[in-house]
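Encoded as structure tokens, the structure appears first; notes follow it.
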Amino acid sequence: MSYTFQFGVIAQYQNEILAGIWMTIKLSVASIILGCAAGIVLASVRSMKPGIGRILVDAYVEIIRNTPFLVQLFIVYFGLPGMGFRVSAVTAALIGMTINLAAYSTEIIRAGIESIHKSQIEAGEALGFTKLQIYRHVIIMPAIAKVYPALCSQFVLMMLASSVCSAISTNELAASAAFIESQSYRSFEIYIVVTLIYLALALTLRGVLALAGLWLFGRRVARRTATALPEVTA
Amino acid sequence: MILRTFGFSEFGFLLSALLWTVVLTIIALSGGGVVGFLIALARTSTQKWLRIAAATYIQIIQGIPVLMILFLSYYGLSLAGLQLPPLVAAGASMTIYASGYLAEIWRGCIQSVPKPQWEASESLAMTRAQQYRYVILPQALRISLPSTVGFAVQVVKNTSITSIIGFVELARAGQLINNATFQPFRVFIAVAMLYFVVCYPLSQLSRWLERRLHARSHH
Amino acid sequence: MPEVIIENVHKSFGSVEVLKGVSLTVEPGEVIALIGRSGSGKSTLLRCINGLEKINSGRIEIAGHTVSADPKQLRELRRDVGIVFQSYNLFPHLSVGENIMLAPKIVKNIGKVQTRETAEKVLQLVGLSEKFDAYPDELSGGQQQRVAIARSLAMQPKVMLFDEVTSALDPELTEEVLNVMEQLARDGMTMILVTHEMSFARRVATKTIFMHQGKIWEEGPSKQLFGDPQTPELRQFVKSDVK
Ligand SMILES: Nc1ncnc2c1ncn2[C@@H]1O[C@H](COP(=O)(O)OP(=O)(O)OP(=O)(O)O)[C@@H](O)[C@H]1O
Ligand SMILES: [Mg+2]
């Protein structure tokens, strides 16, 4: 073992790393906002009376949740151009991440909605709320509060999974690592450093989400979020 | 290069690659199962430093991308002077990945066995090992089935990431065929369908187990 | 020689002192009833006796063992001291027979034939011979509690501890469990029981102890204690129970 670690080399690639981090953050934040919004809409459709809407949403959720994110990216990036939609690697990444996260969010929020008791809705009606008010204050917000920790875990998983976008040449953090590796041949060092950056990003994201939970739903939900690890459900 | 179209022989190639996806999944679940089980035990140990070490391991594995685990084991192993086939690097990293998640799933299951079960068995003069072996783990096992099967779906899907270091499983096979046929939409839809065929039944099984568990514990 | 010696035991949870110097001796074959208001420390005392809770100071000896923090010594002690809880705590994944045979088999390394014999004997004692192959969730609460008693008895303990074993049961089911305990007492088992069944304590216990605020407030032969309470606290307690 004559290998000597040289972390110093990496310092000169600071800009590449920062650019990669920035892209990872942008993609994650955008897909979290879009995916979560889509999840709320789809879960609402899902919770209505049985019908074509429910069938379509279920099919979408099942298809996305039972196929790999990487293959979804391939279809978006390599497959869509054949159908006349040419997209950049970054757009493809954003589309792929949003589609993926929307499916998981739908499933998580659906579970939240199902856990809301009928009696609460009736109580809302008794208080003279309009349908929309009931929907917002009695169903959606309490549902999200309930599943907020699971939702956040999914967000963190998505941020980590965004590293896979390097395979379609999206220039996010993992791609920066690959680039620097090809230039410096300091493979192990660069991947150690980038791994630690991901770890820091994950912890930060979890912290930020816990704060958001505190602001949105109060203390109890926030505490559960801070300690919750990514939940793995099928 | 000869351009081919996506036909039977290509589909056959995908099927044989699917076999490697399954092999890798089995390696990940058995290797990760053993390591994850030990870490779950450490996580629920009476020894504080063991608990902290296990919790740290879990936090780290769940806080970094699978892709980075893959690169680190790939380059780490070659640094150690081992020129190993991609299967070994892929198997090793999938094992590490699965262990971090299984440990956490199983910790939850062990801790969801009610505390009085510990007290009752302790009061019958059992050793801690006997308590685990005869009282706690059999109950935890039942509770763990739905989420463990659910996690297996994640593993199947995440084995696709090993294609990035050149291991020829289903996703990589799709890329190879696409390079030869230039029919990306068809090829990757076919690839997705094959993943779906494996994952969907597992997801349904997980759900069924979950329902059964709840039905049992509610009456 | 006494079967149980408790000497000046103190126990705190955090900064709250729950046992404030409890002393007690129990002769072989004696039946001790512990009574007192909720939170007076009855369960805690019982759990200290078999080492489920660690005492802060004092000394406990039982069936020839000293309660210590050493796991090995504690296991020796627990072979000779059975405990039954309010919530039965049967092992739900094992049948009644397996519940009873498990500890003798793995802790005492007693052979299959003999553990089975013992299991059948103790099951008969609690009147549930026909339930050998049933699972806990197929039994009523009273039946489960009797199985829990049988499970303890199968270890052939010298002392039995009972913590409000009938509190979760309906009156009819309470009766069947109390009958088992009375039978045990008649057979000469040394017992310490926490109970809210005053008439049972009065009838079966050789001695009753009234705990109040972490101390033994009053003690004496059961009939005397109930018939002529000395302290206002016990008088109050006995009166409120009659209501
Ligand atoms: N594990 C614990 N941690 C902190 N405090 C405890 C614990 N166990 C018991 N206590 C406290 O110790 C006091 C005595 O509790 P204990 O259970 O011994 O009372 P008890 O006499 O058995 O009451 P009850 O009739 O309600 O069963 C109570 O104030 C209780 O809150
Ligand atoms: Mg009590």
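Every heavy atom of this structure was used, including side-chain atoms; hydrogens, water molecules and symmetry mates were not. The chains referred to below are lettered A, B, ... by the order of the sequence lines, with proteins before strands, and numbering in each begins at 1.
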Go through the atoms of [X] and report whether side chain, backbone, both or neither lie under 4.5 Å from a heavy atom of chain A.
X	value
B:Thr159	neither
B:Ile64	both
B:Glu210	neither
B:Ile60	both

So which part of [X] gets closer than 4.5 Å to some heavy atom of chain B, the side chain, the backbone, both or neither?
X	answer
A:Glu181	side chain
A:Ala174	both
A:Ile197	neither
A:Met159	neither
A:Leu205	neither

| query | Where does the angle between the aromatic ring planes of B:Phe196 and B:Tyr200 fall among parallel (under 30°), tilted (30 to 60°) and perpendicular (over 60°)? | reply |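 It falls in the parallel class, under 30°.
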| How are the rings of B:Phe71 and A:Tyr191 set relative to one another: parallel (under 30°), tilted (30 to 60°) or perpendicular (over 60°)? |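 Because their plane-to-plane angle is under 30°, the rings of B:Phe71 and A:Tyr191 count as parallel.
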| query | Can you list the steps and then say if B:Trp106 with B:Tyr101 is a ring-ring contact (aromatic ring centres under 6.0 Å, His included)? | reply | CA-CA 9 Å; B:Trp106 291 343; B:Tyr101 284 84; over 10 Å; no
Top residue by heavy-atom pair count (under 4.5 Å) with chain B, among [options]?
options	answer
A:Val194, A:Thr195, A:Val71, A:Leu70	A:Thr195
A:Gly79, A:Ala178, A:Ser162, A:Pro68	A:Pro68
A:Leu80, A:Thr67, A:Ile192	A:Thr67

| Residues in ring pair (Phe, Tyr, Trp, His ring centres under 6.0 Å) with B:Phe185, at least two apart? |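 So B:Phe185 forms no ring pair (Phe, Tyr, Trp, His ring centres under 6.0 Å) with any residue.
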| Atom CZ of A:Arg86 with >12 non-hydrogen neighbours under 6.0 angstrom |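 Count not over threshold, so no.
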| said: Using a 4.5 angstrom heavy-atom cutoff, name the option from B:Cys199, B:Pro65, B:Gly174 with the most pairs to chain A. | reply: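 Max contact count across the listed options: B:Pro65.
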| query | Who wins among B:Val66, B:Val198, B:Ile189, B:Val191 for the most heavy-atom pairs under 4.5 Å with chain A? | reply |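 Top count of heavy-atom pairs under 4.5 Å with chain A: B:Ile189.
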Should the pair [X]-[Y] be classified as a salt bridge under the 4.0 Å nitrogen-to-oxygen rule?
X	Y	answer
B:Glu104	B:Arg107	yes
A:Arg110	A:Glu107	yes
B:Arg207	A:Glu62	yes

| message | So A:Ser105 and A:Phe155, do their side chains get closer than 4.5 Å, heavy atoms only? | response |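 Yes; the side chains approach each other to less than 4.5 Å.
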